[in-house]
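Shown next, in structure tokens, is the structure this report addresses.
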Amino acid sequence: MLKIYNTLTRSKQEFIPKQPGKVGMYVCGMTVYDYCHIGHARVMVVFDTVARYLRHSGYQLTYVRNITDIDDKIIQRANESGEAFTALTERFIEAMHEDERALSVLPPDIEPKATQSIADIVSMISTLIEREFAYVGSNGDVFYAVNRFDGYGKLSGKNIDDLQAGERVDVDTAKRDPLDFVLWKMAKPGEPYWDSPWGQGRPGWHIECSAMSTCCLGNHFDIHGGGMDLQFPHHENEIAQSEGATGEPFVNYWMHNGFVRVNEEKMSKSLGNFFTVREVLKQYRPEVIRFFILSSHYRSPLNYSDEQLDAAETALTRLYMALRGVEIAETLVDLVYKQRFEEAMDDDFNTPIAISVLFDLTKELNKSKGNADRLQVLAATLKELAAILGILQEDVEVFLKGGTTVVGYFEAVMPMPQLSINIEQLIQDRTNAKKNKDWTTADKIRDDLKQRGVILEDAPNGVTTWRKG
RNA sequence: GGCUGCGUAGCAAAAUGGUUAUGCAGCGGCCUGCAAAGCCGUAUAUACCGGUUCGAUUCCGGUCGCAGCCUCCA
């Protein structure tokens, strides 16, 4: 039985989909004005894993993740680079998809764009005005009237009085209340715009998600996810908009992932302490990043550091080492390990425990190297369970030799070590030296290679293999 | 200031009202020409102070420290 921590109730709850066997999930995606950083990667990987596990559990899932392709920062960046905003967003959407593919993130079923959802957005705003949840301000912008919505604050645990007391932004005189937020923003000269009953303008950020999620999944759906920072105001506003417009409950389970931190501080664009996915891929293979992300629980903070990435690579190496030389033909899986794995994942997607099950399995696998039947079952189980996490699917030899079979833009920056050294020749030289019991020469070759990041291992049958150190 | 959440061994990271987490690193051993990998064994922990309890790291209260939100942000 799957349990999900619901931000709305601040507790783990049994997951009961609206319609038996079917799940609708919406996740707030990226605003595409720059490259994705590791924090964005976490959202993509976490909810990809949630999606994979829901499907593994037999649910028919519709996974929607939007793209915000119009907003102030996009306009600003496009002006800076002197290109059309659509050209800018197209570039970064493509870059985002490259990052996704690298990280083995499966594409969502639907990826709506704000600019392609204008009609739905306009329609929802009109409804909100009709129902008196929204009004046209003195500057022509359309605002949501927060105090008209009784449940405002129910997700973030804030209340309107506290918010007003803590108000510290300049009061926008066009609004009736400082807490009101914009639904439709009038275009300034030279800005992109769409026609609407209130004039030429563009949608506010919050209304996009309400319109796109409702459009793709209906008025009321199962899971809505996103980063912790979106809890307030973004998700709070979504609830106010959607429930205000439809009069129905909006979302049953709210899931929020924790931040990636750098030196105990949130990784973010504004702090400037971020590492883009493509930067990190120059140093670490994509699967290492994915493993690093999944090695802590999705709601915990995740501290980014080279030491952590190194540790992830070492841990992953242990799993691959267990599979080295094992031909996996068997499709039978060990039900005990499978059950333990599923129990971990059923407990609010506890990937650290799920991974620990993989290590326990690996230990038994290593002990079963002499028992071909058992070995087959365990290896097949390891690979199948790991696939649910999106890891351990590389070719074993390629991974251990420091490469990756994932095709993508980073291939050029991840050369295999053998490109620069003739490892096979050196191994042959060493084998010859060993035959002559010339241990000095043999050991020197091994030490030299180790210095260059290549570890040699002699198997009992006399065959020497190598891997990246 | 208001509201969330967190503080676990050398590092990372789970869990739990009483029983080995797991990975890396350490120590001892087996294996090996020597290694590496693997296996076996082993050490180190629950911020601090109170309370509830037969028993608390786990529940409650307080103290200290940290992070996040209250402004665009995954």
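A note on names: the letters A, B, ... follow the listed sequences, proteins ahead of strands, and every chain is numbered from 1. Small disclaimer: the values here were computed from a predicted structure and weren't measured.
- Comparing the C1' positions of G2(B) and U71(B) gives an interatomic distance of 16 Å, to the nearest angstrom.
- Distance from the side chain of L163(A) is smallest for C70(B) among the nucleotides A74(B), A21(B), C70(B).
- A salt bridge links R101(A) with E94(A): the closest approach of a Lys/Arg side-chain nitrogen to an acidic carboxylate oxygen falls below 4.0 angstrom.
- Taking atom P in both A21(B) and U57(B), one finds a spacing of 15 Å when rounded to whole Å.
- Phosphate proximity of C39(B) to N366(A): present, with a side-chain N or O under 4.0 Å from OP1 or OP2.
- In this structure, Y53(A) and F349(A) have perpendicular ring planes: the angle between them is above 60°, well past the 30° mark.
- Here the separation of U44(B) from C60(B), taken at their P atoms, is 30 Å to the nearest Å.
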Output field dot_bracket for RNA chain B (Watson-Crick or G-U, both distances under 3.5 Å, | for other-strand pairs) contains (((((((..(((.....[...))).(((((.......)))))....(((((..]....))))))))))))....
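- Mapped onto RNA chain B by nearest heavy atom, E265(A) and V43(A) fall at different nucleotides, with E265(A) at the one closer to the 5' end.
- Y320(A) and F399(A) have parallel rings, their planes meeting at less than 30° on a 0 to 90° scale where 60° marks the start of perpendicular.
- Classification of D443(A) and R446(A) as a salt-bridged pair holds, one side-chain N sitting under 4.0 Å from a carboxylate O.
- A salt bridge links R324(A) with E397(A): at least one charged nitrogen is closer than 4.0 Å to a carboxylate oxygen.
- RNA chain B is contacted by both G29(A) and Y298(A); Y298(A) maps to the nucleotide lying nearer its 5′ end (nearest heavy atom per residue).
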Between the protein and nucleotides 2-7 of chain B, which nitrogen or oxygen pairs come in under 3.5 angstrom?
from	atom 1	to	atom 2	distance (Å)
G2(B)	O2'	D162(A)	OD2	3.0
G2(B)	N2	K158(A)	NZ	3.1
C3(B)	O2'	G157(A)	O	3.2
U4(B)	O2'	R10(A)	NH1	2.9

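- Using a 4.0 Å cut-off between a side-chain N of Lys or Arg and a carboxylate O of Asp or Glu, D448(A) and R452(A) do not qualify as a salt bridge.
- Remark: the separation of the P atoms in C49(B) and U58(B) is 12 Å, to the nearest Å.
- The side-chain hydrogen bond (donor to acceptor under 3.5 Å, both in side chains) pairs that include a residue from residues 373-384 of chain A are D334(A)-R374(A), E364(A)-R374(A), where partners are two or more places apart or lie in different chains.
- Y63(A) pairs by the side-chain hydrogen bond (donor to acceptor under 3.5 Å, both in side chains) definition with nothing, not counting sequence neighbours.
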Do nucleotides 24-35 of chain B as a string where each nucleotide becomes B, S or -: B if the base has a protein heavy atom under 4.0 Å, S if just the sugar-phosphate does, - if no protein is that close. S--------BBB
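- A salt bridge is absent between R202(A) and D71(A): the closest approach of a Lys/Arg side-chain nitrogen to an acidic carboxylate oxygen does not fall below 4.0 angstrom.
- For residues 263-277 of chain A, the salt bridge (Lys or Arg N to Asp or Glu O under 4.0 Å) pairs, not counting sequence neighbours, are D229(A)-K266(A), R261(A)-E264(A).
- Taking the six-membered ring for Trp, F181(A) and F143(A) have ring centres at least 6.0 Å apart.
- A straight line from CZ of F274(A) to C1' of C72(B) spans 14 Å, rounded to a whole angstrom.
- Distance noted for atom C1' between G10(B) and C30(B): 26 Å (whole Å).
- Between K12(A) and D347(A) there is a salt bridge, with a side-chain nitrogen of the basic residue lying less than 4.0 Å from a carboxylate oxygen of the acidic one.
- Comparing atom distances between the M30(A) side chain and each of A74(B), C40(B), A21(B) picks out A74(B) as nearest.
- Put simply, CD on E307(A) is 16 Å from C1' on A13(B), counting in whole angstrom units.
- For C40(B), the OP1/OP2 oxygens have a side-chain nitrogen or oxygen of K367(A) closer than 4.0 Å.
- For the pair K266(A) and A74(B), the criterion of a side-chain N or O lying under 4.0 Å from OP1 or OP2 is not met.
- One P atom belongs to G51(B), the other to U42(B), and the distance between them is 36 Å to the nearest Å.
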